[in-house]
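Every number for a ligand or one of its atoms is a count from 1 in the order of the listing. Remember, it's a predicted structure, so these values are computed and weren't measured experimentally.
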Amino acid sequence: MAVPCVRVKRSAGELTRHRLADAGLLAEQWDLDAEDEYVYIPVSDPTAVPEDLTVVPYDPPVRETQTMPADVLGTEPSYERLGDLAIIDVDEPEHEQNVADALWKSDLPIDGVLNRASKVKGQTRTRDWDVLRGDSTRTVHREYGSVFALDLDEVYFSPRLATERHRVIQQVTEGEHGFDMFAGVGPFAIPMAKKGATVVGSDVNETAIEYFRDNARRNGVEDEVTGIVGDVRNLASEYENWADRIIMNLPHSANEFLDTAVQLASDRAVLHYYDIQHESAPFEPGETAIRNAAEPSYEMSVETRHEVRTYAPHEVNIVLDVELQRVDSTEAE
Ligand code: SAM
């Protein structure tokens with residue numbers, strides 16, 4: 001059976017396998033294979049593979065020795081991997097136990113199975129969890145070569161946003177100033193610093209900022225990032241006219257923080273604005289809100305309108321990349 005595989009020269013095989021493993025992109029049900037001068041590495045999400053790598057269809061050997069959850073359950077269960085945890089979203093108690101059993105008895109390298117027990121809620125956007133196997137909600141997760149320690153019981157984190165974060169981080173240039181207004185444990189801010197930016201991240205959740213600082217150390221960028229505990233609206237005056245790139249990942253209420261974003265923006269800044277809207281017109285409310293906050297001091301131009309994922313039936317999580325240019329500086333050019 002042909003599956004998407006990254007094809008590289010044998011000499012680059014080991015390095016590439018590590019890169020793909022760090023990005024969580026290895027398809028574990030197949031083994032890699034070598035033919036002529038090439039190695040074929042099966043990948044789980046070909047759209048997330050870095051652009052410098054070539055993806056081709058290839059028929060790799062099935063990993064016979066591994067027992068996968070589907071072998072135990074009889075059907076393929078839906079789950080996400082976060083570090084050494086498997087995360088499921090199952091309502092029926094009996095099915096919940098069967099899925100947890102299948103994951104636990106499989107050969108997947110996991111130390112716990114968690115079921116979502118509530119929606120994300122409150123200002124910290126955390127949720128309740130049922131710990132079905134193992135004994136902890138804490139883990140260390142790898143994403144595109146960065147490591148993030150976190151405790152899901154105390155902080156927000158979604159591995160589903162890995163590809164989107166990578167899209168933004170690829171735009172970062174050496175020496176720029178980045179401000180992540182809702183920073184969590186640092187999955188935007190820390191890779192931005194690794195690309196040479198000086199980054200400030202703020203969060204009302206004190207535990208998230210403790211992890212943010214710990215993660216900065218784990219990734220060797222503690223001198224390039226500053227984590228601040230508090231409501232970003234109360235911190236912005238210290239960083240007025242400072243930020244060249246601003247991340248606003250607080251969908252549902254980011255519009256309430258646009259005056260603060262404008263306050264933070266330097267003469268020419270890029271805003272990455274996340275929103276959740278009805279699929280019929282997902283971009284318009286955000287564009288209007290940004291225009292109202294930015295004009296007349298700034299001219300705005302929308303560089304990207306992108307659907308990140310489906311959030312709920314007929315609701316989509318979107319991002320707008322918007323360039324803000326201060327009007328005075330335009331006239332001066
Ligand atoms: N950017 C992180 C990520 O991608 O994992 C976290 C995003 S999470 C959706 C939003 C974060 O904003 C939460 O960690 C929450 O505690 C924080 N937050 C909510 N209101 C805030 C405010 N007024 N000022 C600063 N942080 C806030």
Side-chain angles (χ1 to χ4, degrees), residues 24 80 82-83 85 87 116 118-127 137-144 146-169 172 178-193 197 199-216 219 225-239 243 245-264 271-277 286 306 308-309 311-312 315-319:
E80 287 169 73
L82 182 75
L85 301 175
I87 295 173
R116 293 188 171 90
S118 76
K119 291 186 180 305
V120 289
K121 54 188 178 173
Q123 202 180 15
T124 59
R125 313 309 290 149
T126 46
R127 67 168 92 226
T137 48
R138 204 187 126 85
T139 193
V140 178
H141 182 63
R142 284 181 164 267
E143 187 173 291
Y144 286 97
S146 296
V147 286
F148 300 104
L150 60 114
D151 185 340
L152 277 181
D153 211 29
E154 302 200 59
V155 301
Y156 173 93
F157 191 91
S158 173
R160 288 182 195 170
L161 297 176
T163 309
E164 168 55 21
R165 288 193 274 258
H166 186 59
R167 187 190 70 80
V168 168
I169 289 151
V172 172
F179 200 113
D180 187 349
M181 294 172 67
F182 314 104
V185 303
F188 281 101
I190 287 166
M192 284 167 71
V199 189
V200 175
S202 59
D203 204 294
V204 279
N205 182 344
E206 189 172 349
T207 308
I209 290 295
E210 281 165 16
Y211 277 110
F212 178 102
R213 292 177 184 142
D214 179 30
N215 289 329
N219 290 280
V225 303
T226 306
I228 309 176
V229 180
D231 186 318
V232 65
R233 288 171 289 208
N234 303 330
L235 313 169
S237 58
E238 262 190 73
Y239 291 92
R245 187 175 305 280
I246 301 166
I247 315 284
M248 299 185 75
N249 183 20
L250 188 64
H252 288 303
S253 38
N255 62 326
E256 295 166 24
F257 294 83
L258 279 165
D259 289 342
T260 304
V262 170
Q263 195 182 355
L264 292 170
L271 194 62
H272 302 280
Y273 178 89
Y274 293 88
D275 202 359
I276 291 173
Q277 292 291 343
H306 173 58
V308 178
R309 58 178 171 150
Y311 180 75
E315 279 195 311
V316 284
N317 181 186
I318 62 101
V319 60

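In this structure, F148 and F157 have tilted ring planes: the angle between them lies in the 30° to 60° band.
Contacts between P187 and ligand 1 below 4.0 angstrom, taking non-hydrogen atoms only, involve the side chain exclusively.
Residue contacts with ligand 1 include G230, since one of its heavy atoms falls under 4.0 Å from the ligand. Put simply, no part of Y274 is less than 4.0 Å from ligand 1, judged by heavy atoms.
Within the listing of ligand 1, atoms 16 (O) sit less than 4.0 angstrom from a heavy atom of N205. Within ligand 1, the atoms closer than 4.0 Å to a non-hydrogen atom of R165 are 3 (C), 4 (O), 5 (O), numbered from 1 in the order shown. Per-residue contacts place V232 under 4.0 angstrom from the following atoms of ligand 1 (heavy atoms of the residue considered): 24 (N), 25 (C). Atoms of ligand 1 found under 4.0 Å from any heavy atom of A183, numbered from 1 in the order shown, are 1 (N), 2 (C). Each of the following atoms of ligand 1 lies closer than 4.0 Å to a heavy atom of M181: 25 (C), 26 (N).
In terms of N/O distances under 3.5 Å, ligand 1 is approached by V204. Residue R125 has no nitrogen or oxygen atom sitting less than 3.5 Å from a nitrogen or oxygen atom of ligand 1, judged on distance alone. The shortest N/O to N/O separation between N249 and ligand 1 falls below 3.5 Å.
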